[in-house]
Amino acid sequence: MTNKGIASLLRKVAAAYILKDENRFKIIAYEKAAEALENSTSEAKDLWREGKLTTIPGIGKTISSHLDELFRTGKVAHFESVFRGLPAAMFPLLEIPGFGAKKAYKMAHLLSLKNPDTAVDDLLKAAQDGKIALFKGFGEKSQSDIIESIQRFKKGQVKENRMPLPFAYVIASEILEYLKLHKDTKEAVTLGSLRRMVATIGDIDIAVSTKNPSSVVDWFLSYPKMGELVEKGPGGATMLLTNGHQVDMRVQSPDKFGAMLQYFTGSKNHNIKLRELALKKGLSLNEYGMKPIRKAKKLYEFANEKDLYNALDLSWVPPELREDRGEVEVAAKRKLPKLLEVKDIKGDLHIHSNYNLEPSHDLGSSSLEVLIRNAEDLKYEYIGISDHNPSFTKHTPNQIISILKARRAKFEQYIYSTKSVRVQIFIMLEVDILPDGKIPIPEEAFEYLDAIIVSIHSSFHMDKEQMTQRIISGLSHKKAKIFAHPTGRLIGSRDSYQVNWEEIFQYCQKNDKALEINAHPTRLDLPDGLVYEALKKNVKLVIDTDSHDVSQMTLMKYGVSVARRGWAEKSDILNTMPYNKLKDWLTG
DNA sequence: GCCGTTTTCGGCCCGACTGTTTTCAGTCG
């Protein structure tokens, strides 16, 4: 059973407890545990095998013993007894937006829904037949809302609507630019997951600081790419863009802007931590500021976030860290990391050129010359040209050797002939790790390579231990220094393959290998949760763009944001090193 | 049921919105 499945089971238990009027903090505990599992980078089953289930925050003695029973026997007697007396058909209804435990129970009970597999459809039919509006506490509006929710829910099951961060970032940047054109806009910034630079974004949320809210709202609503207006009020407005994405803009006066910014940046759990902390100091924190618990009338306002955090005796927490991963506690000690910044990056080691070595995968579209010139513009000290390896099904080993020999000669000839080049070049290769762990490059060919990056491009569905050994085998060559896009995920279209990360981290740390944070928009891989874990184990990382075109070299900032979300400092990232040091590591 | 540089007992975030209500229950972020 995966984390997702277990989380859904725990949510069912929480729902059952709500109906049985259990202690509400017990209910919250189950919901918290479910959420923790959904966000965990480790599979609960693996932790269970190692006896470390309670290392997940929110899972304590009781729940871990229930899960132990679940993994051993496939069911939990206690949970079954909690579910007793409740209609099984209510549980699928919990997935519908707007449905909680009570509404789901009411519907399953009143409509005598029996079959969990058809419960959602049965409910939809009942609503369409006008049966819901007859129930006490429900009316015509509730009935039509239910129909709409179910239809939306069914659509959502087919297509996940979240988009990769870089796409949302570009859309939002344009809107911010536009908003700043208005004379009454004092400040315009992103909010929510976008400000925290989470890898996938749902809606785009934006805040504007202004003394003249209505004129800014009107300006927003005349945005050229507006598709349709969803709603408009004194506090802001919501629109759908012509491309279908939703944008939510809210306005606030400058003297309260800090409190609003903090509140809507989240995350939810970070905010809960702050409010708990505020309470201990006799203060209640909300969207508008803080008030003393005893004098509810008085409100302390905050024009900026720094003052708000300082009022709680915390140092300002960068948005990327606001995930309740311990940042509040560390901020109380004034010991937050000095996070990596884009300007710290001194080179990009994973760039594909258009040199045609008849590769196993796609060729880049830009020439070495163009790439170098761009690297100079970016003020890089070095780049690595890491084309895909020559296809080994189409070439003999000897052909591969001569292809790589010719490539090196060509590159070196260009480099030596161009005195103006200040950027140093590493002649590298991105090499597939085959299913058996071998790398399809004959030993003699390594003479023509400074180093290689290894990665997985086939046979994704392997047993976890086999996959782990495959990766370690691929990394074992002394010139293999970097494991690229380590989880293999493609955001929105392909899940990660199964890997024992503990083992990979240990191997990399012991053998001086680096894991890549791939900044490509649909990858952002390593994901931030694993970056955090890797850094705890002292694994070194590199951030690369995997550019297949010169225009993609600017995507580095997204890789940096992933690293920041994983608490990375400059010293954790190898390509912040100056050329000589980086060269020692890469070719040493 | 979980958790701990003010606690191993006694706490556990806050407000908005919505629909059906004459004062609130349920859900959401």
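Protein chains get the first letters and strands the later ones, always in sequence-line order, with residue 1 at the start of each.
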What interatomic distance, in whole Å, is found between [atom1] of [M] and the corresponding atom of [N]?
{"N": "B/dC12", "M": "B/dG19", "atom1": "C1'", "result": "30 Å"}
{"N": "B/dC14", "M": "B/dC9", "atom1": "P", "result": "26 Å"}
{"N": "B/dT21", "M": "B/dG26", "atom1": "C1'", "result": "13 Å"}
{"N": "B/dT23", "M": "B/dA16", "atom1": "P", "result": "22 Å"}
{"N": "B/dT18", "M": "B/dG11", "atom1": "P", "result": "36 Å"}
{"N": "B/dG15", "M": "B/dG10", "atom1": "C1'", "result": "26 Å"}
{"N": "B/dC3", "M": "B/dT8", "atom1": "C1'", "result": "9 Å"}
{"N": "B/dC2", "M": "B/dT7", "atom1": "C1'", "result": "13 Å"}

Polar atom pairs between nucleotides 2-8 of chain B and protein, under 3.5 Å, N or O only, would you list them?
from	atom 1	to	atom 2	distance (Å)
B/dC2	OP1	A/Gly60	N	2.7
B/dC2	OP1	A/Ile63	N	3.3
B/dC2	OP2	A/Thr62	N	3.3
B/dC2	OP2	A/Thr62	OG1	3.2
B/dC3	OP1	A/Gly58	N	2.7

Just say parallel, tilted or perpendicular for the rings of [X] and [Y], cut-offs at 30° and 60°.
{"X": "A/Tyr169", "Y": "A/Tyr558", "answer": "perpendicular"}
{"X": "A/Tyr30", "Y": "A/Tyr17", "answer": "perpendicular"}
{"X": "A/His109", "Y": "A/Tyr105", "answer": "parallel"}

Salt bridge A/Arg250-A/Glu287, side-chain N to carboxylate O under 4.0 Å |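 Looking at A/Glu287 together with A/Arg250, the answer is no, because their closest N to O distance does not fall below 4.0 Å.
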Quick one: label [X] by what it contacts on the DNA or RNA (base, sugar-phosphate, nothing), any heavy atom closer than 4.0 Å.
{"X": "A/Leu279", "answer": "sugar-phosphate"}
{"X": "A/Asn271", "answer": "nothing"}
{"X": "A/Leu285", "answer": "sugar-phosphate"}

Which sits closer to the 5' end of DNA chain B, A/Asn23 or A/Ser284, going by the nucleotide each is nearest to?
->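 Looking at the nearest nucleotide for each, A/Asn23 comes out on the 5' side.
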For atom [atom1] of [X] and atom [atom2] of [N], their distance in whole Å:
{"X": "A/Glu35", "N": "B/dG1", "atom1": "CD", "atom2": "C1'", "value": "16 Å"}
{"X": "A/Met260", "N": "B/dA16", "atom1": "CE", "atom2": "C1'", "value": "14 Å"}
{"X": "A/Ile27", "N": "B/dG1", "atom1": "CD1", "atom2": "P", "value": "11 Å"}

Do A/Arg195 and A/Thr190 pass the side-chain hydrogen bond (donor to acceptor under 3.5 Å, both in side chains) test, and can you show the C-alpha distance, the side-chain angles, and the key distance before you say yes or no?
-> CA-CA 5 Å; A/Arg195 183 152 181 255; A/Thr190 55; 5.4 Å; no
Okay, side chain of A/Glu327, backbone of A/Asp324: is any donor-acceptor separation there less than 3.5 Å?
->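 Yes; at least one donor-acceptor contact below 3.5 Å.
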Mark yes or no for whether A/Trp219, through its side chain, and A/Tyr178, through its backbone, hold a donor-acceptor pair below 3.5 Å.
->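 Here the side-chain-to-backbone pair exists.
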Let's see if you can work this out: which of [options] has an atom nearest to the side-chain heavy atoms of [X]?
{"X": "A/Glu287", "options": "B/dG1, B/dC14, B/dA16", "result": "B/dA16"}
{"X": "A/Lys26", "options": "B/dA16, B/dG1, B/dG19", "result": "B/dG1"}
{"X": "A/Asp145", "options": "B/dA16, B/dG1, B/dT18", "result": "B/dT18"}

Quick one: is A/Asn286 getting a side-chain N or O under 4.0 Å of the B/dG15 phosphate, OP1 or OP2?
->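 Yes, because at least one side-chain N or O of A/Asn286 sits under 4.0 Å from OP1 or OP2 of B/dG15.
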Give the minimum heavy-atom separation between A/Glu323 and A/Arg565, together with the two atoms involved.
->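 For A/Glu323 and A/Arg565, the tightest heavy-atom pair comes out as OE2-NH1, 3.0 Å.
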Sugar-phosphate means primed atoms, P, OP1 and OP2; the rest is base. With that split, encode nucleotides 20-29 of chain B 5' to 3' as B, S or - using protein heavy atoms under 4.0 Å.
-> SS----SSSB
Taking the six-membered ring of A/Tyr223, is NZ or CZ of A/Lys225 closer than 6.0 Å to its centre and within 45° of its axis?
->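 A/Lys225 over A/Tyr223 ring: no.
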Given the side-chain rings of A/Phe302 and A/Phe257, with only the six-membered ring counted for Trp, is the space between their centroids under 6.0 Å?
->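 No: the rings miss the under 6.0 Å criterion.
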Taking a pair as Watson-Crick or G-U wobble with both distances under 3.5 Å, which nucleotide is matched to B/dG15?
->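 B/dG15 is paired with B/dC28.
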